[in-house]
2 protein chains.
Amino acid sequence: MPLDQQTDILARMSGEDREALISLGTMQRFSKGEFVFRAGAPGKHVYFLRKGRVKICQPSHTGKEVILWFCFAGEMFGLAEVAQGGGRVVHAHVCEASEVLKLSQSQFSGFLRDHPDSLHLVMQVLSCRMRTLSEVIVNLVNDDVETRIMKLILRLSARHGVHVGQDIHLDITLTHQEIADMVGTTRQTVTGMLSKLKRRGFLSLENRRIYIESPEMHAAASGPDH
Amino acid sequence: MPLDQQTDILARMSGEDREALISLGTMQRFSKGEFVFRAGAPGKHVYFLRKGRVKICQPSHTGKEVILWFCFAGEMFGLAEVAQGGGRVVHAHVCEASEVLKLSQSQFSGFLRDHPDSLHLVMQVLSCRMRTLSEVIVNLVNDDVETRIMKLILRLSARHGVHVGQDIHLDITLTHQEIADMVGTTRQTVTGMLSKLKRRGFLSLENRRIYIESPEMHAAASGPDH
DNA sequence: CCGGAAATGTCAGTTGGCCGACATACTTTC
DNA sequence: GAAAGTATGTCGGCCAACTGACATTTCCGG
């Protein structure tokens with residue numbers, strides 16, 4: 001099990017556990033641009049994404065938004081507030097038409113009590129997210145914008161990349177603004193850096209999708225030795 | 001229970017659970033400057049800090065270190081790698097003479113199985129840490145160095161502050177380098193910013209300890225409206 | 001209580017990346 | 001298929017914060 005895929009909790013659950021979970025919760029549909037929940041709302045439910053894509057982002061007083069991570073099919077979100085109490089601090093913003101399974105706090109606690117194997121998985125997911133967040137912090141502190149963008153792309157491709165010969169095809173579309181919100185920079189700078197990376201031959205862009213020339217990219221991202 | 005104190009897991013456990021945990025583990029002493037574990041080592045143990053202070057920091061290829069958080073008496077560390085597998089990615093660096101309780105992965109799993117209340121506490125701790133890390137990321141992205149330092153001080157004082165009349169006395173000593181490593185800046189800039197904050201009357205410094213003039217400080221940190 | 005080490009204070013020079021402003025391209029919607 | 005909205009590309013001016021270098025103060029072990 002590659003560490004990158006530990007967050008796909010539905011896939012990792014045993015069949016019976018998954019059935020039990022699905023029968024406990026209720027299904028909801030959302031279309032692009034809607035919110036599953038917003039910062040400030042009370043946080044009494046846990047969600048499992050069956051289909052689609054949701055971004056978890058934290059608004060700040062300045063109006064800027066930081067994208068903490070994306071959730072893809074199979075992933076869980078909204079757990080932290082349920083475990084910890086207090087209201088939501090993040091938005092769950094639907095990127096493309098999605099289906100989510102919704103469980104109340106008590107339904108979920110009951111499920112964990114009855115399915116100890118799944119409980120272990122939940123702790124793994126939390127641990128994995130903590131590591132990813134730590135990684136992001138280290139990047140923000142140490143690396144310049146160019147390196148941060150390269151590392152972001154490599155992180156995403158580790159989980160959502162499709163190998164096409166020598167290259168890796170990133171199977172999701174991101175706007176420059178979204179990239180900027182993930183690495184802490186501005187839209188303009190992202191545009192500039194991407195075309196710089198393209199000129200250098202680290203990646204190519206084809207109708208809003210990213211192709212990574214993987215060997216060069218990995219080498220380049222491991223140390224900013226320009 | 002203030003959210004700031006959710007991480008003091010030993011204090012929040014029931015007496016019986018705490019006894020059981022302590023009898024399971026083995027005690028170890030460390031003196032200042034030693035490491036409980038280092039990045040790269042295999043991560044097969046969980047630790048509970050009984051006494052002292054430990055900083056959890058992540059080294060990077062550039063040699064710089066980022067301090068992700070401090071652990072104080074009662075807190076747990078080393079969990080993520082145990083839950084998730086793989087080696088340590090962080091150092092656990094002892095700041096002052098400390099005593100830690102050490103449990104192997106299997107001892108800890110067994111404990112959680114037998115003490116479901118504590119299990120809930122563990123999930124709370126992880127959730128709380130995730131929130132703190134998210135908060136740090138948002139700060140890094142949105143705020144200038146001055147604001148980041150103010151918010152760091154307020155965060156620390158929420159958990160480790162002692163009220164002295166109107167003011168709050170921060171009950172720990174930090175070097176400027178350590179502050180720099182937490183907010184992602186340089187030692188020199190921290191020195192400059194602290195004396196600027198002192199001049200402005202937001203805080204005062206007395207033999208390496210920080211006194212916060214809390215009302216002004218809170219107002220100032222909530223929006224960088226200079 | 002002394003000497004080396006660590007921490008703090010200060011400064012001038014340099015620069016990465018932000019800001020604002022605008023032009024072009026793509027892509028929905030009715 | 002025209003119009004409106006959203007995304008991308010490009011530029012010059014500007015400033016916060018980094019770098020490196022040094023002086024001074026405080027701490028701590030023997």
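Below, chains carry the letters A, B, ... as their sequence lines are ordered, and counting in each starts from 1.
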**Message:** Tell me if a side-chain donor or acceptor on A:H169 pairs with a main-chain N or O of A:H163 at a distance below 3.5 Å.
**Reply:** no

**Item:** Rounded distance in Å - CD1 (A:I179) to P (C:dG17)
**Value:** 16 Å

**Message:** Quick check on contacts: within residues 133-141 of chain A, what sits under 4.0 Å from DNA chain C by heavy-atom distance?
**Reply:** none

**Item:** Five-pair end axes of the helix from C:dC1-D:dG30 to C:dC30-D:dG1 and the angle they enclose, rounded to 10°
**Value:** 70°

**Request:** For A:K196, check side chain to side chain donor-acceptor pair (under 3.5 Å) against everything at least two apart and list the hits.
**Result:** A:E146

**Prompt:** 5'-most contact on DNA chain D: B:R148 or B:K32, nearest heavy atom basis?
**Reply:** B:R148

**Prompt:** So which pairs with a foot in residues 88-98 of chain B pass salt bridge (charged side-chain N to carboxylate O under 4.0 Å, His left out), sequence neighbours left out?
**Reply:** B:R53-B:E96, B:E81-B:R88

**Message:** Need two values: the first and the last nucleotide of DNA chain D, 5' to 3', having an atom under 4.0 Å from any heavy-atom of chain B.
**Reply:** D:dA17 to D:dC27

**Request:** Ignoring hydrogens and angles, tell me if any N or O in the side chain of B:S98 forms a donor-acceptor pair with the backbone of B:V94 under 3.5 Å.
**Result:** no

**Request:** Classify every nucleotide of nucleotides 6-13 of chain C by which part a protein heavy atom approaches to under 4.0 Å, writing B for the base, S for the sugar-phosphate alone and - for neither, in 5'-to-3' order.
**Result:** -SBBB---

**Asked** Which residue pairs pass the ring pair (Phe, Tyr, Trp, His ring centres under 6.0 Å) test when at least one of the two sits in residues 124-162 of chain B, sequence neighbours left out?
**Response** B:F72-B:H160

**Message:** For A:D171, is there any backbone N or O sitting under 3.5 Å from a side-chain donor or acceptor partner on A:R209?
**Reply:** yes

**Contact under 4.0 Å: A:T189 side-chain N or O vs C:dG16 OP1/OP2** = no

**Item:** Donor-acceptor pair, side chain of A:H93 and main chain of A:G33, under 3.5 angstrom
**Value:** yes

**Message:** Is A:T186 close enough to C:dC18 that one of its side-chain N or O atoms is under 4.0 Å from OP1 or OP2 there?
**Reply:** yes

**Request:** Mind checking side-chain contact (heavy atoms from CB on, under 4.5 Å) for B:R187 and listing every partner two or more places apart, or none if nothing turns up?
**Result:** B:H176, B:Q177, B:T191

**Prompt:** Got a sec, which residues hit salt bridge (charged side-chain N to carboxylate O under 4.0 Å, His left out) with A:K55, two or more places apart in sequence or on another chain?
**Reply:** A:E178

Donor-acceptor list for residues 133-140 of chain B side chains, cut-off 3.5 Å, not counting sequence neighbours:
{"unit_1": "B:S134", "atom_1": "OG", "unit_2": "B:M130", "atom_2": "O", "d": "2.9"}
{"unit_1": "B:N139", "atom_1": "OD1", "unit_2": "B:R155", "atom_2": "NH1", "d": "2.9"}
{"unit_1": "B:N139", "atom_1": "ND2", "unit_2": "B:D143", "atom_2": "OD2", "d": "3.3"}

**Item:** Backbone N/O of A:T185 and side chain of A:T189: donor-acceptor pair under 3.5 Å
**Value:** no

Just distance, no hydrogens or angles: give the donor-acceptor pairs under 3.5 Å from side chains in residues 37-50 of chain B, sequence neighbours left out.
none

**Item:** Pairs meeting criterion salt bridge (charged side-chain N to carboxylate O under 4.0 Å, His left out) with involvement of residues 64-79 of chain A, two or more places apart
**Value:** A:E75-A:R129, A:E75-A:R159

